[in-house]
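Owing to the predicted nature of the structure, the values given are computational and were not obtained by experimental measurement. So that the names make sense, note that chain A is the first sequence line, chain B the second, and so on, each numbered from 1.
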Amino acid sequence: MRMLKAEDVSAAVRDMIIEACRVLPEPVYKAFVEARDSETTDSAREVLDQLIKNADLAKATNMPLCQDTGSAVLFVEMGEDVRVEGGLKQALTAGMVEGYDKGYLRKSMCHPLLRKNTGDNTPAIIHLELVPGDKLKIQFMAKGGGSENMSRCTMLTPAQGWEGIKDFVVRRMAEAGPNPCPPTIVGVGIGGSFDLAPTLAKKALFRPLDVPNPDPEIAAMEKELLEAINNLGIGPMGLGGKTTSLAVKIEMHPCHIASLPLAVNVQCHSARTKEVVL
Amino acid sequence: MATYHLNAPMTDADVAMLKAGDVVYLSGIIYTARDAAHKKLMAALDAGEQLPFDLKGSVIYYVGPTPAPPGKPIGSAGPTTSGRMDTYAPRLHSLGSKASIGKGKRNQAVRDALKEHNGVYFGATGGAGALLAECITASEVIAYEDLGPEAIRKLTVKDFPLLVINDAHGGELYAKPNYPL
Ligand code: SF4
């Protein structure tokens, strides 16, 4: 059994969080530049120019890209032959708290009804999967509330099939309009169960922007949905244009013969994700 | 579509001339408030108490900034989604507030209030918090410190870049999505 020290895990989580909130993944930055060059109206180009400048400035001055530094979402793949001394959850949480403190990041978690802020961004939202091997992979997402609020989940009938899925996703993005800070990235979870579909949708958002689903049929569906969403004409910040979304990411899973669970998890352009393998 | 350099607090004349699509660089004093602060403001109004700032001509910025790093007046400070403040905005406009700054759609009640009370809704670029913070030269918590990022702050801004989304004449800038809703 391989043993990892809690403090090493915490330090890796802390550093990953601070970095993720300041530096966009390279493919996202590239997509801003490509979108700006493809847009034809002044307002769309201006918004994308601002996003490029914002990303440059955040990187150069250590300022968070966006003031909403999110809920701390962690997807953890833990090898069956590795353990964390002192406990995994405690190590992840300690690192998260330190990252949000030392990184001057906003603490956005509160009691759902009393609305009292927990003060240190706890609890992190942790998804744990056991995998073969002795490695610990931790993926972090700073998930903003504005885009999360535009996310939806539904149970379609099997008869509704692909057409039903397409209508639900495109309608959702049309209704969301300017609210989730377009250009967005759209995570779609198809199948599983009532609880699994949204997790699939979120997991899809961790896939690098320029990597389609490895299954060519699903990759084609991603492309079809992206085209349909971009035909909406909502554009950057809702001011009109070709770029409403930068990508659609689909994850699929078998489901019950009676069901077709579907979830849409909307990610804003501030797609702050990072991962570390220990 | 015109470009203006205006001051906050705002005058009725400045608000009245603005049209959806105009670009405004705003300088002066604005106040931050988001969900929790609005709730407290409403409770203060219900109780007949004085508000922590003068509503007359006021510009309210829907933002909860990140903590100020050493040597900076404020952290990252871009707009939050305005729709959540729709239930509060008409009352504030009826009491003299002139403008709000946020991102995303407003409902019919807010659009009506803008017309009735000569108000304006500005959009700032969501997710450009590092860039927008460069236009904030001073920040001071003036109320509800216990709310942390949601406390009310008095901000001094210089040439803060805004777009008129909803004007006082019923104009709206956002693109209508090409889909039967
Ligand atoms: S939706 Fe995203 S980019 Fe927009 S304010 Fe929220 S976290 Fe920032």
Which atoms of B:Ala77 approach chain A - backbone, side chain, both or neither, heavy atom under 4.5 Å: backbone
Crowding at CE, B:Met42 (>12 non-hydrogen neighbours, <6.0 Å): yes
Shortest non-hydrogen contact between A:Pro64 and B:Ala130, atoms and distance: O-CB, 3.6 Å
All side-chain contact (heavy atoms from CB on, under 4.5 Å) counterparts of B:Ala143, not counting sequence neighbours: B:Pro52, B:Ile152
Just by distance, which donor-acceptor pairs between chain A and chain B come in under 3.5 Å?
| unit_1 | atom_1 | unit_2 | atom_2 | d |
| --- | --- | --- | --- | --- |
| A:Gln50 | OE1 | B:Thr125 | OG1 | 2.6 |
| A:Asn54 | OD1 | B:Ala130 | N | 3.0 |
| A:Asn54 | OD1 | B:Leu131 | N | 2.8 |
| A:Asn54 | ND2 | B:Gly127 | O | 3.0 |
| A:Pro64 | O | B:Ser76 | OG | 2.9 |
| A:Leu65 | O | B:Gly129 | N | 3.2 |
| A:Gln67 | N | B:Ser76 | OG | 3.3 |
| A:Gln67 | OE1 | B:Gly78 | N | 2.7 |
| A:Gln67 | NE2 | B:Gly78 | O | 3.1 |
| A:Gln67 | NE2 | B:Pro79 | O | 3.4 |
| A:Arg106 | NH1 | B:Gly64 | O | 2.7 |
| A:Asp167 | OD1 | B:Tyr179 | OH | 2.5 |
| A:Arg171 | NH1 | B:Pro180 | O | 3.3 |
| A:Glu175 | O | B:Lys105 | NZ | 2.4 |
| A:Asn179 | O | B:Lys103 | NZ | 2.8 |
| A:Asn179 | OD1 | B:Lys105 | N | 2.9 |
| A:Asn231 | O | B:Asn178 | ND2 | 3.1 |
| A:Leu232 | O | B:Asn178 | N | 2.9 |
| A:Gly238 | O | B:Ala175 | N | 3.0 |
| A:His269 | NE2 | B:Gly126 | O | 2.8 |

Top contributor to chain A interface from B:Gly102, B:Pro70, B:Pro161 [non-hydrogen pairs under 4.5 Å]: B:Pro70
Region of A:Ala55 that comes under 4.5 Å of a non-hydrogen atom in chain B: neither
Part of A:Leu105 lying under 4.5 Å from any heavy atom of chain B: backbone
Pick from A:Ile234, A:Leu57, A:Val47 with the largest number of heavy-atom pairs that fall under 4.5 Å of chain B: A:Leu57
B:Ala68, part contacting chain A, at a heavy-atom distance under 4.5 Å: backbone
side-chain contact (heavy atoms from CB on, under 4.5 Å) partners of A:Pro27, counting only residues at least two apart: A:Pro25, A:Leu209, A:Asp210
By side-chain contact (heavy atoms from CB on, under 4.5 Å) - contacts of B:Pro9 (at least two apart): none
Option in B:Gly83, B:Gly104, B:Gly21 with maximal non-hydrogen atom pairs under 4.5 Å from chain A: B:Gly104
Most chain A-contacting option - heavy-atom pairs closer than 4.5 Å, from B:Gly148, B:Gly64, B:Gly75, B:Pro65: B:Gly64
Pairs of heavy atoms under 4.5 Å with chain A: top-ranked of B:Gly123, B:Pro180, B:Pro177: B:Pro177
Winner by heavy-atom pair count (cut-off under 4.5 Å) against chain A, out of B:Ala175, B:Ala133, B:Ala36, B:Pro67: B:Pro67
Side chain / backbone / both / neither for B:Pro69 at chain A, heavy atoms under 4.5 Å: both
Taking every non-hydrogen atom, the tightest pair across B:Gly127 and A:Cys181: N-SG, 4.2 Å
